[in-house]
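Quick note: numbers below take in every heavy atom, side chains included, and nothing from hydrogens, waters or symmetry partners. A, B, ... follow the sequence lines: proteins, then strands. Residue 1 opens every chain.
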Amino acid sequence: MQAASVDIRKVNKFYGPFHALKDIDLAIQPGKVTCLIGPSGSGKSTLLRCINFLEEYDSGEIRIDGEMIGYDAPGRRMPGRKLRGMRRAIGMVFQQFNLWPHMTARENVAEGLIRVRGMSRAEAGERAAEALEKVGLGDKMANHPSRLSGGQQQRVAIARAIAMEPRVMLFDEPTSALDPELVGEVLNVMKALATEGMTMVVVTHEMGFAAHVADQVAFMEKGELVGVDSPARILHEPEDARIQAFLRTYHERNSF
Amino acid sequence: MDFSIFLQYGPALLKGFGITVLCWLAGTVFGMTLGLVVALIQRYGPRWLGWIIQAYIEIIRGTPFLVQLFVLYYGGPLVGLRLDALPAGILGLTVYGSPYFAEIFRSGFRAVPHGQIEAARAIGMAELAIVRRILLPLGLVSSLPALVNFSIILTKETVILSIITVPELMYQVGRMSAETFRYLETNLVLALFFWLLVEAISRVGRRLEARITKHLVEERT
């Protein structure tokens with residue numbers, strides 16, 4: 001077995017007295033897609049945000065390609081420069097897209113290439129164009145976010161992340177803020193990425209995506225990782241009662 | 001009413017108006033700059049400095065401009081700060097305006113969605129680049145209406161500078177009134193000048209706002 005791209009070990013996180021992540025162990029293999037599912041408030045997004053240290057974890061360790069993120073040693077924060085260096089290799093896509101509204105689609109994608117990777121404007125512009133082509137937005141490059149649909153905005157956000165050539169991509173409920181008819185275009189881009197062999201961690205409520213695209217599905221509840229297994233095992237023949245209950249509610253809510 | 005006196009006093013009034021505009025412009029530009037620096041220190045600086053700044057904001061906002069001006073102009077020499085009336089007036093306006101500007105910027109920065117800052121952090125942007133490229137442009141846009149509004153308030157605070165003998169419009173009008181006893185006419189002209197200035201500022205402000213928010217507003221289709 002290969003070394004994990006993201007190796008999460010015994011991670012705990014507290015908000016004051018609230019125990020948000022409880023001894024989480026999870027390995028994400030290179031080139032694989034891991035979906036994190038579970039009820040809201042279960043800690044899936046918190047765990048995802050710990051992977052690029054947007055959220056601090058209190059104990060345990062998270063390693064990206066073997067290197068611990070956030071801390072030089074347990075309890076000792078790493079310098080900002082080093083953290084930024086590690087974040088370059090981790091792309092993130094947010095539920096609310098978080099595009100910068102004062103920049104065009106192309107400028108949004110080029111910004112990181114210029115400021116973080118030190119590219120010239122011309123080179124960054126070219127790379128940005130390529131990334132936007134790839135998500136099917138070659139004709140919207142000059143648009144500001146206010147003139148893009150939600151699905152298009154999210155695709156720009158994906159282009160912004162992949163243009164940095166990350167080794168891992170994190171998706172935090174990427175389709176939850178979208179109108180139902182716009183979900184498909186974003187999922188298609190994500191599927192294409194997965195087919196190319198991108199390592200992906202996806203927090204999602206799209207069970208269909210988890211079933212068809214994920215290599216492993218992790219179910220969380222109340223800060224605990226209840227089960228990690230193949231999509232078939234988790235979604236079709238779950239043993240744990242909590243997963244069964246979650247799926248039952250999901251099916252009831254989505255049936256008509 | 002008799003407006004013929006303005007033939008004689010016209011040049012003095014115009015000069016006074018010029019000085020009013022100068023004081024206002026300098027006080028606004030310096031006050032805004034100081035306010036911006038203060039707001040950035042409050043956001044990113046060490047906590048102890050934040051407390052000092054908070055105290056300064058409370059003191060300046062809690063006392064009348066006239067009192068501040070007296071302290072600066074008549075109390076300044078006691079600690080070796082000897083200023084002519086005009087620089088003292090501009091410095092006074094700057095200090096008086098800065099905490100209000102700082103508060104405007106602070107709320108403007110808070111209006112920038114945290115997610116947009118996080119998105120920049122997530123791709124590895126340095127804090128300074130985030131301030132320059134994301135926080136400032138977006139924060140300034142949301143601050144603009146309030147900035148223009150307070151700048152307009154500041155125009156009218158300049159009349160207080162006449163009390164420390166800055167030869168601005170109010171000072172000229174006061175002299176003219178004392179010499180001609182035409183208090184109504186002179187003060188109506190003063191009002192007219194201010195109305196013109198304020199009107200000009202708010203027009204520029206609106207145009208600026210329309211221009212910089214062009215891409216930020218959701219298009220209605």
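Counting non-hydrogen atoms of neighbouring residues, nucleotides and ligands closer than 6.0 angstrom, the NZ atom of B:Lys15 reaches no more than 12 such neighbours. When the shell of 6.0 Å around CZ of B:Arg43 is examined, it contains more than 12 heavy atoms from other residues, nucleotides or ligands. Within a 6.0 Å radius of NZ in A:Lys13, more than 12 heavy atoms belonging to other residues, nucleotides or ligands are found. Counted within 6.0 Å of OH on B:Tyr56, heavy atoms from surrounding residues, nucleotides or ligands total more than 12; the atom is thus considered enclosed.
Residues A:Met103 and B:Ile134 are in side-chain contact: their nearest non-hydrogen atoms beyond the backbone lie under 4.5 Å apart. Residues B:Leu138 and A:His102 have side chains in contact (heavy-atom distance under 4.5 Å, counting atoms from C-beta outward).
Taking all atoms of both residues into account, the shortest heavy-atom contact from B:Arg132 to A:Arg115 is NH2-NH1, 3.0 Å.
How far CD1 of A:Ile114 is from CZ of B:Arg133: 7.0 Å, rounded to the nearest 0.5 Å.
Contacts between residues 114-124 of chain B and chain A, defined by a heavy-atom separation under 4.5 Å, are made by B:Gly115, B:Gln116, B:Glu118, B:Ala119, B:Ala120, B:Arg121, B:Ala122, B:Ile123, B:Gly124.
Most heavy-atom pairs under 4.5 Å with chain B: of the set A:Met86, A:Met92, A:Arg117, A:Glu111, this distinction falls to A:Glu111.
Within the 4.5 angstrom heavy-atom criterion, atoms from both the backbone and the side chain of A:Arg88 approach chain B. Looking at A:Leu99, the atoms closer than 4.5 Å to chain B (heavy atoms on both sides) all sit in the backbone: N, CA, C or O.
Listed by chain and residue number, nothing satisfies the salt bridge (charged side-chain N to carboxylate O under 4.0 Å, His left out) test with B:Asp84 (two or more places apart in sequence, or in another chain).
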